[in-house]
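Throughout, a chain's letter reflects where its sequence line sits, starting with A, and its residues are numbered from 1.
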There are 2 protein chains.
Amino acid sequence: MSDRNRRTTSRKSTGSEQPLSERQRVILRVIVREYVASGRPIGSKALVRLSGIDVSPATIRNEMARLEELGYLEHLHTSGGRIPTDKGYRYFVAHLMGNIELSSSEQLTILHQFRQVELQLEQWIELAAATLARAAGNVSVVSAPIPQTPRLRHLELISLQPRLGLVILVTTDGAVRQLMTHWPDDADQETLSALADALVPPLRGLTADEIAGHAAGASALARVALAQVEIAMRAMTASVAPVRHSGLEHVLAQPEFSDATEAQELLTLLGGGSFVSAILPRLEDAPGVRVFIGEENQTDELRRLGIVVSTYGVDDEVVGVLGVVGPTRMAYDRSISSVRYMARLMSDLMADLHGQ
Amino acid sequence: MSDRNRRTTSRKSTGSEQPLSERQRVILRVIVREYVASGRPIGSKALVRLSGIDVSPATIRNEMARLEELGYLEHLHTSGGRIPTDKGYRYFVAHLMGNIELSSSEQLTILHQFRQVELQLEQWIELAAATLARAAGNVSVVSAPIPQTPRLRHLELISLQPRLGLVILVTTDGAVRQLMTHWPDDADQETLSALADALVPPLRGLTADEIAGHAAGASALARVALAQVEIAMRAMTASVAPVRHSGLEHVLAQPEFSDATEAQELLTLLGGGSFVSAILPRLEDAPGVRVFIGEENQTDELRRLGIVVSTYGVDDEVVGVLGVVGPTRMAYDRSISSVRYMARLMSDLMADLHGQ
DNA sequence: ATTAGCACTCTCTCACAGAGAGTGCTAAGA
DNA sequence: TCTTAGCACTCTCTGTGAGAGAGTGCTAAT
């Protein structure tokens, strides 16, 4: 009894963090792989069969007990096999899964799909979300690329009705925004076109901040137009970018979400933009694919999820975020390689777009 | 025994379709209301309590049996109360629910939300979807308004890189589209601006078809630009409009979708645009709110759903679709009044936009 | 260090019983 | 003729308990 107590209490803080033996690593890998695939805890007997290790189940049991002490596995019920802990998944991601690439046939399929679609940013994002979801077998999340410091390239003022019109602006990176606008006075198309023609040359290449400086002394109409331009350009860099997601069906099929309330939580999470704002801060100045597993996440809603994300884009010009979300029990290897490939692909597309 | 057989067989084709008595109407109304609210079948005893009719449960049972013969109710299990059939819901919608309006406080809340948002079509759609979902307590579906015969108002050609650029076009109803385009030759901004300035006057006010006629004899660059304009304008009228949906959480909470596969079907339905194409044909030239209940739907995926839709927009200028989707067991009164109100609101917004 | 053996624990499935709810039918009452 | 009370019946739902199955930890032997 005292023996048992000692073990239980020592589970959390494991004094000497000696490296795992090769056999332990094999066991952990098989458990992660198998649990991810089946969703059912793995017992010692099944493990012997699956791992090919030529020892008895009893030996495996000892090793499993040791791995549990070290915090890599856990024990849902007294009987019923073991499952990986978050730490176990983390170890798997760091040391056991190898450095997997998508198979070249998969890469080709994806490339092919992108070739078939028109040169439309919206469509790229849509397609990226759909493709990533399928490749990773999870919910995918793709944000639009956010220009880092958008500069004005072109401006167009349109009259729809006497006092209602559009401000259309194009930035140097090719993004287009339109805002409906109330003009302060009646303004016909001639007046507006003339104003736009007059405004563009001095403003070309300026940032939102710089444009703000030009408002003083201008006509009322020009001030309204400039204010709208400024709003639009600031909105472009806002970190709460619109986010597409796709592939909910994959995740709802998982037993973790068979409970409707779990599914609901995920939906509100994805629906309400809070997802990106929760994740984005942790991506700052860390390139490549990042993985957050269960408890490693900072907000409660994410504690039962695994997240694989990457930024994409062209340094200092545009940056977007894409990734996948699923239960902690997800195929991290597959997700990571999918996210990595898709981020590279989207980055290439952005680079093309920006002429590199 | 023979008696029982007679009733069972006579259920489908009910010879004399005499009008329901007042008491039967009350019973049917209470059953629909209560079943929608609770999701549990209603028995004779509960019905007496709920309806306030001062007769014994036995009498109610006779009436219920009669309603079942007539096809308005059904019997899931020998015991366990009755639930409405599709025909029962249909009768409820046609004769029993009254002509309900959203409460004026609800109307005000919604109006207020629309006032707070900027004058952006995208945002209106988003907001309409979110609001409708909440008001109706179901999944909402809102399509962007489709211009009936878009006419060109303005055209802008932008150079991003030597051979890559943007075609931006504005139609008379204020819709803006941009397409990324490969120019056939190197084209600097001056050339493109000059071309745009030259193209706009003759093309202003023309439809896609009419623009197609202008391509002959033009320069290669102009032909590419015109082709893009034509593509964009045709895409605008394509009936497969992009559709926003919102409020999945409401529906996933319903027991009908606690089974993950049901939920999945709904997701793929909403995700894959097939929804609008399945519904749209049936909306042709029928104004106002339409209701499709279960078996009334033509495709199998929709057989277990109730759908309440309406077109919105300005006649002959823009037309969009909005509605809600839920299990057949849905609060049709609430959904109908929400859809009706929201369609009116969006139509008003469109009318404002088109200057009426 | 490994293994066989064993007692133990926990889940899962199935069957069964009893409560509860509701039904249809019959016969009596208004 | 409509309504009602009574009754036998059916079906679901909720335990409960038994038994199988899987897996574990521990001990003792190899």
In whole Å, what is the span from the CD1 atom of Ile53(A) to the P atom of dT2(C)?
-> 11 Å
Send over the distance from Arg66(B) CZ to dT23(C) P, rounded to a whole Å.
-> 17 Å
Rounded to the nearest 0.5 Å, how far apart are CZ of Arg66(B) and CG of Leu73(B)?
-> 12.0 Å
Are Tyr89(B) and Tyr332(B) close enough that their ring centres sit under 6.0 Å apart?
-> yes
Nearest atoms (heavy-atom pairs only) where Asn297(A) meets Leu302(A) | ND2-O, 3.2 Å
Least distance between heavy atoms, Pro84(A) atom then Glu74(A) atom | O-OE2, 4.1 Å
How many Å lie between CG on Leu73(A) and C1' on dT24(D), as a whole number?
-> 14 Å
Could you list by number each residue of residues 24-44 of chain B showing a heavy-atom separation from DNA chain D of less than 4.0 Å, or answer none if no residue does?
-> none
Using atom CD of Glu74(A) as one end and atom P of dT24(D) as the other, report the distance to the nearest whole Å.
-> 14 Å
Can you give one letter per nucleotide of nucleotides 3-12 of chain C, 5' to 3': B if a protein heavy atom sits under 4.0 Å from the base, S if only from the sugar-phosphate, - if neither?
-> BBB---BBS-
Donor-acceptor side-chain pairing of Arg82(B) and Tyr35(B) below 3.5 angstrom | no
Smallest heavy-atom separation, Pro327(B) atom then Val251(B) atom, equals CD-CG2, 4.3 Å
Is there a side-chain contact (heavy atoms from CB on, under 4.5 Å) between Ile336(B) and Val339(B) once you walk through the steps?
-> CA-CA 5 Å; Ile336(B) 290 171; Val339(B) 167; 5.9 Å; no
Taking CD from Glu63(B) and P from dC2(D), how many angstroms apart are they, rounded to a whole number?
-> 10 Å
Measure from CE on Met64(A) to P on dG25(D) and round the result to the nearest Å.
-> 9 Å
Sequence neighbours left out, what pairs pass salt bridge (charged side-chain N to carboxylate O under 4.0 Å, His left out) with at least one residue falling in residues 247-257 of chain A?
-> Glu256(A)-Arg329(A)
Interatomic distance, Glu68(B) CD vs dT23(C) C1' [rounded to whole Å] = 10 Å
Could you give the CD1-to-P distance, from Ile83(B) to dT23(C), as a whole number of Å?
-> 13 Å
Give a yes or no answer on whether the side chain of Arg290(A) reaches the backbone of Val309(A) with a donor-acceptor pair at less than 3.5 Å.
-> no
